[in-house]
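Quick note: numbers below take in every heavy atom, side chains included, and nothing from hydrogens, waters or symmetry partners.
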There are 2 protein chains.
Amino acid sequence: MILNILDDRSSRVLYAVVESYINKPEPVGSRFVTKKYSFGFSSATIRNIMADLEEIGFLSQPHTSAGRVPTDRGYRYYVDSLLNLEKAISSSEMPREFMNQFSKRLEQIKDDISGMFSEVTSTLSSISNYVSIALPPKTEKATLNRINFIKYKGDHAVAILLTDEGIIKNRIFKIDPMVKQEDLNRIADYLNSEYAGYALDEIRSMLIQSMKREKAQWDKLISRAINIFEQALSFTEEDVFVSGLDDAMNLPDFSDISKIRELSKAIKDKHVIIKLLDELSDAEGVRVMIGNENPVNELKGLSVVASTYKEGNRPMGIIALIGPTRMNYSKAISMVDVIAKCVGRTFDDRK
Amino acid sequence: MILNILDDRSSRVLYAVVESYINKPEPVGSRFVTKKYSFGFSSATIRNIMADLEEIGFLSQPHTSAGRVPTDRGYRYYVDSLLNLEKAISSSEMPREFMNQFSKRLEQIKDDISGMFSEVTSTLSSISNYVSIALPPKTEKATLNRINFIKYKGDHAVAILLTDEGIIKNRIFKIDPMVKQEDLNRIADYLNSEYAGYALDEIRSMLIQSMKREKAQWDKLISRAINIFEQALSFTEEDVFVSGLDDAMNLPDFSDISKIRELSKAIKDKHVIIKLLDELSDAEGVRVMIGNENPVNELKGLSVVASTYKEGNRPMGIIALIGPTRMNYSKAISMVDVIAKCVGRTFDDRK
DNA sequence: ATTAGCACTCTGAGGTTGAGAGTGCTAACG
DNA sequence: CGTTAGCACTCTCAACCTCAGAGTGCTAAT
């Protein structure tokens with residue numbers, strides 16, 4: 001936080017510049033500021049203030065004799081003040097009406113996790129016109145409700161894994177054709193009795209223990225069960241839900257195709273996104289990354305507004321907007337905030 | 001087919017123009033043609049020929065005193081000749097080496113349908129630099145292998161539907177909490193004995209029949225089973241696999257962002273794509289749609305090269321490339337052809 | 001039928017200009 | 001002392017011009 005290093009007048013001028021520039025991507029001149037935002041000063045005074053703001057790196061000029069444009073640090077100051085206000089005022093920008101409707105919609109489809117997250121990202125992107133991303137609850141952290149095996153085509157079996165969070169994963173794998181469906185059922189029963197209620201990543205480490213133990217004991221059924229479970233657990237690829245790339249192309253900031261390409265590549269490379277968002281997920285509430293604060297090279301020059309959603313107190317996943325640094329932070333923040341809260345509440349209700 | 005309406009000389013000139021323009025998106029002049037492709041004629045003669053080709057609508061000039069550019073009809077003539085040759089020569093452009101490797105790769109992952117199709121589209125787009133699209137086997141046409149129900153959280157059940165094609169769909173729905181797992185098992189057993197081996201869309205219409213019948217008979221269990229199956233069958237949304245949008249952005253044809261946006265929107269709207277590709281799927285082998293031949297408005301100005309893949313003789317789905325009309329048709333055709341054949345073969349092997 | 005030659009057309013890059021916007025500085029002001 | 005009017009200065013951007021280069025169509029000669 002770098003708050004309060006500006007006196008009231010300066011910060012008001014900064015806000016004016018930021019807001020005007022967010023509104024229309026044109027350098028903001030002193031004359032314009034005096035006219036549009038009626039401070040009690042002449043343009044000359046504003047000019048002096050703006051020169052000061054430039055000196056401390058909050059504004060910059062594209063060239064001499066153009067107006068000013070906020071720098072990343074300028075946006076940062078602006079956003080920090082916003083977030084400060086936000087705590088008091090809460091998400092006032094989103095109509096309660098909308099929230100209710102959206103909650104209802106989620107309620108209807110909460111049983112279908114991936115459907116629900118498609119809905120979330122597409123709503124978020126369509127109301128914001130930025131690219132929206134959601135990470136569903138992490139599979140590893142989900143708790144096992146039950147696992148089942150179904151014999152398939154003689155020498156295959158399908159593992160179906162259900163978690164308390166409603167995540168369903170399935171996987172086909174080869175088995176010894178001698179193994180009967182009853183065997184599979186017994187294996188499943190054993191595994192369920194042993195592991196249900198634990199988080200999947202806990203289970204994974206428990207398995208490693210067991211494997212050693214059972215190897216010593218040579219219990220055939222159990223060691224086979226553990227083996228199969230091991231296979232079934234390797235549901236590694238995490239889903240990432242993305243929406244709104246095409247809408248974002250309408251933004252003047254993306255008139256240059258190369259930026260879109262960067263963004264689109266970064267999104268395709270899920271690891272990058274997951275890593276980025278994971279980094280944001282440790283903090284409470286809404287977090288904002290501006291331009292070059294962004295650790296991912298491809299995404300410097302873009303801003304990310306993200307919030308975790310929680311079931312009770314446990315953070316489950318993250319919902320984010322990616323847009324140009326010239327982003328409507330105030331709107332974006334409250335949208336992400338509200339939507340994340342709706343999603344969290346939906347998970348709570350599920351119980 | 002509009003073949004053979006050109007004499008040999010004219011068509012050779014047309015090919016020259018098309019190929020040169022595909023190679024580099026610059027209007028092709030008579031001088032260039034004479035130099036690069038050594039016909040026995042001077043530029044003046046070529047000019048006359050080109051004027052003729054323009055008259056019948058195979059070439060056009062961006063402006064007086066620019067070179068010529070192929071029209072959609074010009075491309076059509078070119079592609080038709082290609083396809084004619086193709087029948088004899090077959091897909092010679094793709095190295096056999098690559099095909100073998102790719103087949104092996106598919107073989108490894110054939111159990112995971114969606115993984116397999118991601119692989120297919122991403123390879124196809126990366127070797128072609130166009131946008132690649134694949135429709136997996138249609139769920140409705142797939143034959144039911146078995147259905148299972150798992151009780152979940154007291155008042156829910158999960159339906160798991162397996163087809164012979166390896167498609168796995170699952171769906172959570174509410175049930176009367178009084179229904180026990182054993183009841184679900186009995187229901188599943190009944191449904192499997194009754195409906196396994198039929199295509200899902202057949203089953204759907206069979207169900208409608210049964211519902212009437214059973215209503216009269218008041219067999220509680222069976223009518224409940226049918227009801228549940230009805231619910232479970234509504235796995236409507238079809239998957240569409242897409243890859244390569246970002247690579248395609250590198251093409252000079254897409255330097256204008258609005259075209260990419262159109263394409264990206266059309267892709268997001270899955271119905272459009274499915275409808276388009278369905279239309280192409282009735283014919284044998286590779287089919288090509290050029291520019292304004294395309295029925296979808298958003299995609300006029302783009303070309304589609306598509307081929308069905310078949311299990312045995314039954315067409316299952318479709319694989320396509322979308323690119324600018326200035327597309328390397330010869331390469332695209334053989335790539336789509338080869339890949340579709342690989343995919344088909346993989347499905348055959350599965351049996 | 002083919003071709004050399006030539007007048008003609010059109011584009012696109014490069015250069016010039018002038019209006020407009022905005023600045024920084026200075027000197028005057030309350 | 002902070003504020004402001006005034007002014008000279010800077011920079012951009014759109015409009016305009018020019019001209020070389022590429023390519024054409026036509027005609028007359030082969």
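- With B/D253 as reference, B/R326 is the one residue of B/R326, B/K259, B/K24 to meet the salt bridge (charged side-chain N to carboxylate O under 4.0 Å, His left out) rule.
- Straight-line distance from the CZ atom of A/R9 to the C1' atom of D/dT4: 12 Å, rounded to whole Å.
- A side-chain contact (heavy atoms from CB on, under 4.5 Å) with B/V286 is found for one member of B/V79, B/V305, B/L280, B/I319 and no other, namely B/V305.
- Atom CD of A/E55 is separated from atom C1' of C/dG24 by 13 Å (rounded to the nearest Å).
- Straight-line distance from the CG atom of A/D52 to the C1' atom of D/dG2: 13 Å, rounded to whole Å.
- In plain terms, the two heavy atoms of B/T34 and B/S43 that are nearest each other are CG2-N, 3.5 Å.
- Across the protein-nucleic acid pair, B/L59 atom CG and D/dG25 atom C1' stand 16 Å apart, rounded to whole Å.
- A/I46 has its side chain within reach of A/V13: a pair of non-hydrogen atoms, C-beta onward, lies under 4.5 Å apart.
- Distance from the side chain of B/N48 is smallest for C/dT3 among the nucleotides C/dG24, C/dT3, D/dT4.
- Whole-Å rounding puts the B/I46 CD1 to C/dT3 C1' distance at 12 Å.
- Of the candidates A/Y21, A/Y329, A/F58, A/Y329 is the only one forming a ring pair (Phe, Tyr, Trp, His ring centres under 6.0 Å) with A/Y75.
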Original post:
How does each nucleotide of nucleotides 8-23 of chain D score, in 5' to 3' order, for protein heavy atoms under 4.0 Å: base (B), sugar-phosphate only (S), or none (-)?
Top reply: --BBS---------BB
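- To the nearest 0.5 angstrom, B/F41 atom CZ is 11.5 Å from B/N48 atom CG.
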